[in-house]
Amino acid sequence: IWKELENSYRAILTGPSFNAWIEQAKPLSLENNILTIEVPSTLHKDYWEKNLAGKIVETGFKLTGEEITPVFIIHSDDNTTEKKVEKNHVTHILPKNSKKALLNAKYTFDTFVIGKGNQMAHAAALVVAEDPGATYNPLFFYGGVGLGKTHLMHAIGHQMLANQPDAKIKYVTSETFANDFINSIQNRTSEAFRQEYRNVDLLLVDDIQFFADKEGTQEEFFHTFNTLYNDGRQIVLTSDRLPNEIPKLQERLISRFAWGLSVDITPPDLETRIAILRKKANSEGLEIPDDTLSYIAGQIDSNIRELEGALVRVQAYATMNSHDITTSLAADALKSLKPASQKNQMTILLIQEEVCKFYHLNLKDLKGKKRVKSIVVPRQIAMYLSRELTDNSLPKIGAEFGGKDHTTVIHAHEKIQQLIETDPIIQKEVSDIKNTLLS
Ligand code: ADP
Ligand code: MG
């Protein structure tokens, strides 16, 4: 009867679920029409009772003509962490699929487009996913917003779960970690907190730049890190910059992060942006001509999240107008991204003032001739933004910067464009200033 049952379950369950539920269960005896089945945990017991037991009754009746009643007993194993966990009401171990639900289903290796800026990060992620804890530990991704750090992190989680359905994986942002930690102190549940964080095979902590200034949290994370590391568990971290550039990050954390591999992700080149759009369009079943994809990719040049946003916008615009997606439709749709009024209201002075505020400079220096780096870069950023965000001519912009030549403005623009592609910090600063200006 068990063989028969196995076969019918195999037909209705996917590979991983079959492995998770059926293979883990063991028929012990069939006496007086009671089929005793041993399962590894209460979680398994619940799942069997809720979802799988019906089949037993059905198949049992078919084979024996009798009503078979399944009874589940939990395999006792004195060192299962699960038991301890239950006793202390610590973590509820989640069922397999909701464990997966903590990861975004869309963020897999399959949906990730490999390009120049993320090649290395992608390769490292794959290695770590296939062989967690054994190679690059910790794996540290850094780079500007919207470039795929979170996506890769989740992809590692998915892949590891595909290989090891029982792996314990925890994804959190650094803020969640900090909040959990603070709550655990307030509620006196430090032990539970530790169980939760130190008892995983893969810990993913996103955006650790927000650990800056949080002394206690850093201290706790240091211990979490050590425990996991010493147990050979994989740790993956992300940040918008290198560890040693995160203000007030403890030296000992910085040095531990350096034990593994740090890889940066830089903004995608045009080709990669087109490839991402194409993939996205395909997965949404959208028909978009190549030249239109190129056009959209040309409009949004640094951030993949914005690139996706642009596509959504174009799609919505096409639907609203019941029109196919074409380049001119895309141009119309994206024009409204930057309302004309905003573009007109933006002035060189506003930009200069914002840049001064951001870098704590005075306007005279910004427009002046000093050649120290702390002034030159902000000056070039202000010129770059003046070119990007206003309709002023190059000579006019030069004039507004203490009478500089238009070639200086061109040079500044090129310089900053290049820095945005190579330096995630500059990229972030420019985008922060831009966001403030446009908000
Ligand atoms: P980050 O964490 O670096 O800020 P995310 O991982 O959140 O960026 O990525 C932003 C969006 O861009 C997500 O929707 C993600 O799926 C998408 N994305 C990023 N990189 C890629 C890529 N290489 N291929 C496909 N989609 C990507
Ligand atoms: Mg992210």
Euclidean distance, [Y] [atom2] relative to [X] [atom1], rounded to 0.5 Å:
X      : Y      : atom1 : atom2 : value
Leu286 : Leu277 : CG    : CG    : 10.5 Å
Asp213 : Thr217 : CG    : OG1   : 10.5 Å
Thr436 : Glu354 : OG1   : CD    : 5.0 Å
Glu306 : Asp301 : CD    : CG    : 9.0 Å

Would a 4.5 Å heavy-atom cut-off, applied to side chains only, mark [X] and [Y] as touching?
X      : Y      : value
Ile348 : Ile397 : yes
Ile182 : Gln186 : yes
Leu311 : Ile288 : yes
Leu253 : Pro243 : no
Gln164 : Pro132 : yes
Val200 : Arg233 : no
Gln159 : Asn163 : yes

Sub-3.5 Å donor-acceptor pair from the side chain of [X] to the main-chain atoms of [Y], do we have one?
X      : Y      : answer
His406 : Ala399 : no
Gln218 : Phe211 : yes
Asn321 : Tyr317 : yes
Arg379 : Gly368 : yes
Lys428 : Gly143 : no
Glu400 : Ser386 : no
Arg387 : Val409 : no
Arg273 : Ile300 : yes

Partners meeting side-chain contact (heavy atoms from CB on, under 4.5 Å) with [X] (sequence neighbours left out):
X      : result
Arg198 : Arg194, Glu220, His223, Thr224, Thr227
Asp291 : Pro289, Thr327
Val172 : Lys170, Thr176, Phe177, Tyr197, Val205
Pro267 : Leu147, Gln427

Glu287 vs Ile325, side-chain contact (heavy atoms from CB on, under 4.5 Å): CA-CA, chis, key distance, verdict: CA-CA 7 Å; Glu287 293 232 356; Ile325 297 177; over 6 Å; no

Check against side-chain contact (heavy atoms from CB on, under 4.5 Å), Glu251 and Ile254: CA-CA 5 Å; Glu251 212 37 67; Ile254 296 174; 4.2 Å; yes

Is the closest side-chain donor-acceptor distance between [X] and [Y] under 3.5 Å?
X      : Y      : value
Asp405 : Thr407 : yes
Glu219 : Gln250 : no
His151 : Thr111 : yes

Aromatic ring pairing Phe140/Tyr142, orientation class (parallel under 30°, perpendicular over 60°, tilted between):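 Judged by the thresholds at 30° and 60°, the geometry between Phe140 and Tyr142 is tilted.
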
All ring pair (Phe, Tyr, Trp, His ring centres under 6.0 Å) counterparts of Phe109, not counting sequence neighbours: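 Phe109 satisfies ring pair (Phe, Tyr, Trp, His ring centres under 6.0 Å) with His122 only.
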
Sequence neighbours excluded - ring-ring contact (aromatic ring centres under 6.0 Å, His included) pairs with any residue from residues 291-313: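 Sorted pair list comes back empty.
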
Pairs involving residues 383-404, ordered by first then second residue, that meet ring-ring contact (aromatic ring centres under 6.0 Å, His included) (sequence neighbours left out):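 Those involving residues 383-404 are Tyr384-His413.
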
side-chain contact (heavy atoms from CB on, under 4.5 Å) evaluation trace for Thr150 with Tyr171: CA-CA 10 Å; Thr150 301; Tyr171 166 84; 3.6 Å; yes

Would you mind writing out the side-chain donor-acceptor pairs for residues 255-266 within the sub-3.5 Å range, not counting sequence neighbours?
residue: Ser255; atom: OG; partner: Arg252; partner atom: O; Å: 3.2
residue: Arg256; atom: NE; partner: Asn226; partner atom: OD1; Å: 2.7

Residue that, paired with Val430, satisfies side-chain contact (heavy atoms from CB on, under 4.5 Å) out of Asn435, Ile420, Ile425: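 Testing each of Asn435, Ile420, Ile425 against Val430, the sole residue satisfying side-chain contact (heavy atoms from CB on, under 4.5 Å) is Ile420.
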
Contacts of Asn183 that satisfy side chain to side chain donor-acceptor pair (under 3.5 Å) - sequence neighbours left out: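 With neighbours one apart ignored, the set is empty.
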
Name every donor-acceptor pair, under 3.5 Å, that has one atom in a side chain of residues 234-241 and the other anywhere in the protein, sequence neighbours excluded.
residue: Gln234; atom: OE1; partner: Gly133; partner atom: N; Å: 2.6
residue: Gln234; atom: NE2; partner: Tyr136; partner atom: O; Å: 2.8
residue: Gln234; atom: NE2; partner: Asn137; partner atom: OD1; Å: 3.2
residue: Thr238; atom: OG1; partner: Asp206; partner atom: OD1; Å: 2.4
residue: Thr238; atom: OG1; partner: Asp207; partner atom: N; Å: 2.7
residue: Ser239; atom: OG; partner: Arg241; partner atom: N; Å: 3.0
residue: Ser239; atom: OG; partner: Arg241; partner atom: O; Å: 2.8

Only distances under 3.5 Å count here; give the side-chain donor-acceptor pairs of residues 355-362 to other protein atoms, sequence neighbours excluded, each with its distance to 0.1 Å.
residue: Tyr359; atom: OH; partner: Glu429; partner atom: OE1; Å: 2.8
residue: Asn362; atom: OD1; partner: Lys364; partner atom: N; Å: 3.3
residue: Asn362; atom: OD1; partner: Asp365; partner atom: N; Å: 2.9

Pairs satisfying salt bridge (Lys or Arg N to Asp or Glu O under 4.0 Å), at least one member in residues 127-152, at least two apart: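 For residues 127-152: none.
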
Worked verdict on Thr390 versus Asn392 for side chain to side chain donor-acceptor pair (under 3.5 Å): CA-CA 6 Å; Thr390 75; Asn392 289 291; 3.0 Å; yes

Stepwise side-chain contact (heavy atoms from CB on, under 4.5 Å) check, Phe210 with Thr173: CA-CA 9 Å; Phe210 298 120; Thr173 62; over 6 Å; no

Heavy-atom neighbours of Lys279 NZ exceed 12 at 6.0 Å: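 Yes, the 6.0 Å shell around NZ holds more than 12 heavy atoms from other groups.
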
